[in-house]
Amino acid sequence: MTGELPGLATEAERAHALHEAVHGLREHDPMASASVAFLPWQRNTALAMVATAVMCAVFFPLQTLIVAVAVCTLGYSAVLVDRVMIFARGMSRDAILTVDDDTARAVPDSDLPPYTILVPAYGEPEVVGDLITALNGLDYPRAKMQALLLLEEDDAPTIEAARAAGIGSDGSEHITIVLVPAADPRTKPKACNYGLHAATGDIVTIYDAEDIPDPLQLRRVVAAFRTLPRSVVCIQAKLSFHNARQNLLTAWFTMDYGLWFSFLLPGLMRSSAPIPLGGTSNHFRRNVLVAIGAWDPYNVTEDADLGVRIAARGYSTAVIDSVTLEEANPDPINWIRQRSRWYKGYLQSWLVHVRRPVELWRKIGPVSFLRFTLILAGTPIIACLNLAFWFITMAWVFGQPRVIEDMFPAAVYFPALIALVLGNAATVYMNLVACRENGRPDLLVACLVSPMYWLLMAIAATKGCWQLLRNPSYWEKTFHGLGTSTEAAE
């Protein structure tokens, strides 16, 4: 560790911080921890449903297939209608917070609260130099800004790169290296929990090591918090990519984020539904973050889980129009590794929060409960089902087996056809609108050929679902430093 930090100055304090980072949430609220993927009643219910489906398929094969297709069609339709409703709400001008430059700079330095930036990194020596540039570019008083670079103590290459870059020396005294003891689970949320024990800021945010945040982002958040009710405890900034033009995959990824952060998250904010946070650029009131248990080290989308926990505790999240640039994955294999972890984590978070379904229903309300289910469970499950339905479609086109025709009686066929045509058209249309409103005409071709992107999503979702059964808390590393271009995201 570089220097001594409050809360981590002695071996005893570091041991306590590590224990809390790994076991804190699990000990204080076991039902909120993903350390156990399935409770016995969840596992037994799932097994009973599978056994029932198999028995029905054995004795009533055609009827079982028809019911399965009907249920899937209903699920598709529900997700589609809900997504369009969220998108429509997100198009409102007041759906997203806007703090202009003058307002952000108007808060006197003496009135700015102390701010802590957590930067977890693992196996990323190539981006340390860019990290220092990005943090030094933030317009915030250095005396009130604490940046903690959280590195695993056995990650020698990144530690050496950080020290070689001068972290902790003159010019970067506000950036401190915190060595996180090597212990399972080896996850980003565990590192953030450990770093939180060294945090001194009233507001805490997370940046990934490759992030390039808006220089005024911290000031904008402070100005926004001053005008928002105390019930708003988290402000999520928008994320975009600096290498959108590198290849078709990065264009798709940028298109995807443009829709999510510019319309869907703001739409969720206006609907008072739980907001699945992004993994970076979310800004928290530290006292509330600590009170609700901080991050779950066993959850591989700790951000989405935390967003639901915030809502379940009666708090809310806002989305601010301030952009943090990241590196879009240009490599399909690397992209699938990352997206499969996200899908697995969505299901993980849903399984955790439906352990007490009646209690959650009462806390967030029936509409928000349904929306939370459609987003966290529906998104990966629908992506998996796409593979099955595409296979059925291809089998019909090339062979026209009678069994497929029998699977789609009129009462199922026409709703399924409507879901197919309108669902695909609506998704492409929403992406086109998002790209237009975000000033990204260069993504037009990516929008029009986005069905190919859905194939990658389906593969990632299937991989994530399988991994949820085999290795639920495994954090599959995403490699950074593969980007080859930079550009403005405006």
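What you see below is based on every heavy atom in this structure, not just the backbone, and it leaves out hydrogens, waters and symmetry mates. Starting from 1, each residue takes its place in the sequence as its number.
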Separation of Leu448 CG from Leu444 CG (nearest 0.5 Å):
4.5 Å
Should we count CE of Met31 as having more than 12 external heavy atoms under 6.0 Å?
yes
Short side-chain to backbone donor-acceptor contact, Trp350 and Leu376, under 3.5 Å:
no
Checking the side chain of Gln348 only, and the main-chain atoms of Tyr298 only, is there a donor and an acceptor separated by less than 3.5 Å?
yes
Check whether any side-chain N or O of Asn329 sits under 3.5 Å from a backbone N or O of Asp331 as a donor-acceptor pair, and report yes or no.
no
Pairwise side-chain contact, Arg270 with Ser92, heavy-atom cut-off 4.5 Å (strictly under)
yes
Could you walk me through whether Thr317 and Met269 pass the side-chain contact (heavy atoms from CB on, under 4.5 Å) check?
CA-CA 7 Å; Thr317 299; Met269 184 183 80; over 6 Å; no
Heavy-atom donor-acceptor pair, Asn438 side chain to Ala434 backbone, under 3.5 Å:
yes
Counting only N and O atoms by type, is there a donor-acceptor contact under 3.5 Å from the side chain of Gln42 to the main-chain atoms of Leu39?
yes
Kindly check if the number of other-residue, nucleotide or ligand heavy atoms within 6.0 Å of CZ (Arg362) is above 12?
no
So which heavy atom on Ser271 is nearest to which on Ser368, and how close?
O-OG, 4.3 Å
Could you pull out all residues at least two apart from Arg186 that satisfy side chain to side chain donor-acceptor pair (under 3.5 Å)?
Glu152, Asp154
Quick one: do Tyr429 and Leu422 satisfy side-chain contact (heavy atoms from CB on, under 4.5 Å)? Show the steps, please.
CA-CA 10 Å; Tyr429 175 76; Leu422 293 186; over 6 Å; no
Would you mind telling me which of Asp303, Leu25, Leu289 makes a side chain to side chain contact (heavy atoms under 4.5 Å, CB included) with Trp295?
Leu289
Do Val319 and Ile235 have side chains that approach each other closer than 4.5 Å (heavy atoms only, starting at C-beta)?
no
With Val119 as partner, the option from Leu150, Asp211, Leu131 fulfilling side chain to side chain contact (heavy atoms under 4.5 Å, CB included) is Leu131
Any side-chain donor near an acceptor of the partner, Thr103 and Arg226, under 3.5 Å:
no
Which value, rounded to the nearest 0.5 Å, describes the distance between Ser33 atom OG and Asp305 atom CG?
9.0 Å
Hey, does Leu248 have a side-chain heavy atom less than 4.5 Å from the side chain of Val449?
yes
In chain order, what residues pass the side chain to side chain donor-acceptor pair (under 3.5 Å) check against Arg355, with sequence neighbours excluded?
none
Report yes if some heavy atom in the side chain of Arg219 is under 4.5 Å from a heavy atom in the side chain of Leu138; otherwise report no.
no
Rounded to the nearest 0.5 Å, how far apart are CG of Leu80 and CG of Leu420?
11.0 Å
Determine yes or no for a side-chain-to-main-chain donor-acceptor pair under 3.5 angstrom, with Gln236 supplying the side chain and Ile275 the backbone.
no
By side chain to side chain donor-acceptor pair (under 3.5 Å), Trp475 pairs with (sequence neighbours left out) none
Partner set under side chain to side chain donor-acceptor pair (under 3.5 Å) for His283, not counting sequence neighbours:
Tyr115, Thr205, Gln217
Quick check: do Pro451 and Asn424 have side-chain heavy atoms less than 4.5 Å from each other?
no
Taking all non-hydrogen atoms of both residues into account, name the closest pair between Gly279 and Ile206 and its distance.
O-CG2, 3.9 Å
Under 6.0 Å between the ring centres of Phe253 and Tyr453?
no
Measure from the side-chain N and O atoms of Asp296 to the backbone N and O of Ala34, and report whether any donor-acceptor pair falls under 3.5 Å.
yes
Of the non-hydrogen atoms in Ala294 and Leu306, which two are nearest, and what is the gap between them?
O-CD1, 3.6 Å
Donor-acceptor pair, distance only, cut-off 3.5 Å: does the side chain of Asn471 make one with the backbone of Gln467?
no
Interatomic distance, Ser281 atom OG to Phe261 atom CZ [nearest 0.5 angstrom]:
8.5 Å
Please list, chain by chain and in numerical order, all residues satisfying ring pair (Phe, Tyr, Trp, His ring centres under 6.0 Å) with Phe369, sequence neighbours excluded.
Trp361, Phe372
Measure the acute angle between the ring planes of Tyr257 and Phe241, then classify it against the limits of 30° and 60° as parallel, tilted or perpendicular.
tilted
Answer yes or no: is there a donor N or O on one side and an acceptor on the other, between the side chain of Thr250 and the main chain of Asn247, under 3.5 Å?
yes
Please examine the side chains of Gln338 and Asn334, heavy atoms only from C-beta on, and report whether any two atoms are closer than 4.5 Å.
no
Could you walk me through whether Arg220 and Thr98 pass side-chain contact (heavy atoms from CB on, under 4.5 Å), step by step?
CA-CA 8 Å; Arg220 294 189 207 278; Thr98 301; over 6 Å; no
Exam field: side chain Thr324 to backbone Pro213, donor-acceptor pair closer than 3.5 Å
no
Any idea which heavy atoms bring Thr280 and Tyr207 closest together, and the distance?
OG1-CA, 3.3 Å
Atom of Val204, atom of Arg286 and distance for their closest heavy-atom approach
CG2-CD, 3.5 Å
Check the pair Val308 / Ser349 against side-chain contact (heavy atoms from CB on, under 4.5 Å), numbers first and verdict last.
CA-CA 8 Å; Val308 180; Ser349 300; 5.6 Å; no
For the atom pair CG (Asp208) and NZ (Lys188), what is the distance rounded to the nearest 0.5 Å?
4.0 Å
For Arg313 and Ser231, run side-chain hydrogen bond (donor to acceptor under 3.5 Å, both in side chains): C-alpha distance rounded to whole Å, both residues' side-chain angles, the deciding distance at 0.1 Å, then the answer.
CA-CA 10 Å; Arg313 295 293 185 94; Ser231 60; over 6 Å; no
Are Trp466 and Lys344 close enough that some pair of their side-chain heavy atoms sits under 4.5 Å apart?
no
Closest heavy-atom contact between Trp390 and Ala458?
CZ3-CB, 3.8 Å
Quick check for you: to the nearest 0.5 Å, what is the distance between Ile320 atom CD1 and Ile96 atom CD1?
8.0 Å
For Glu476, salt bridge (charged side-chain N to carboxylate O under 4.0 Å, His left out) partners two or more places apart
Arg337, Lys463
Counting C-beta onward and ignoring hydrogens, is there a side-chain heavy-atom pair between Val233 and Ser316 closer than 4.5 Å?
no
Phe408 and Tyr413 aromatic ring geometry - parallel, tilted or perpendicular at 30°/60° bounds
perpendicular
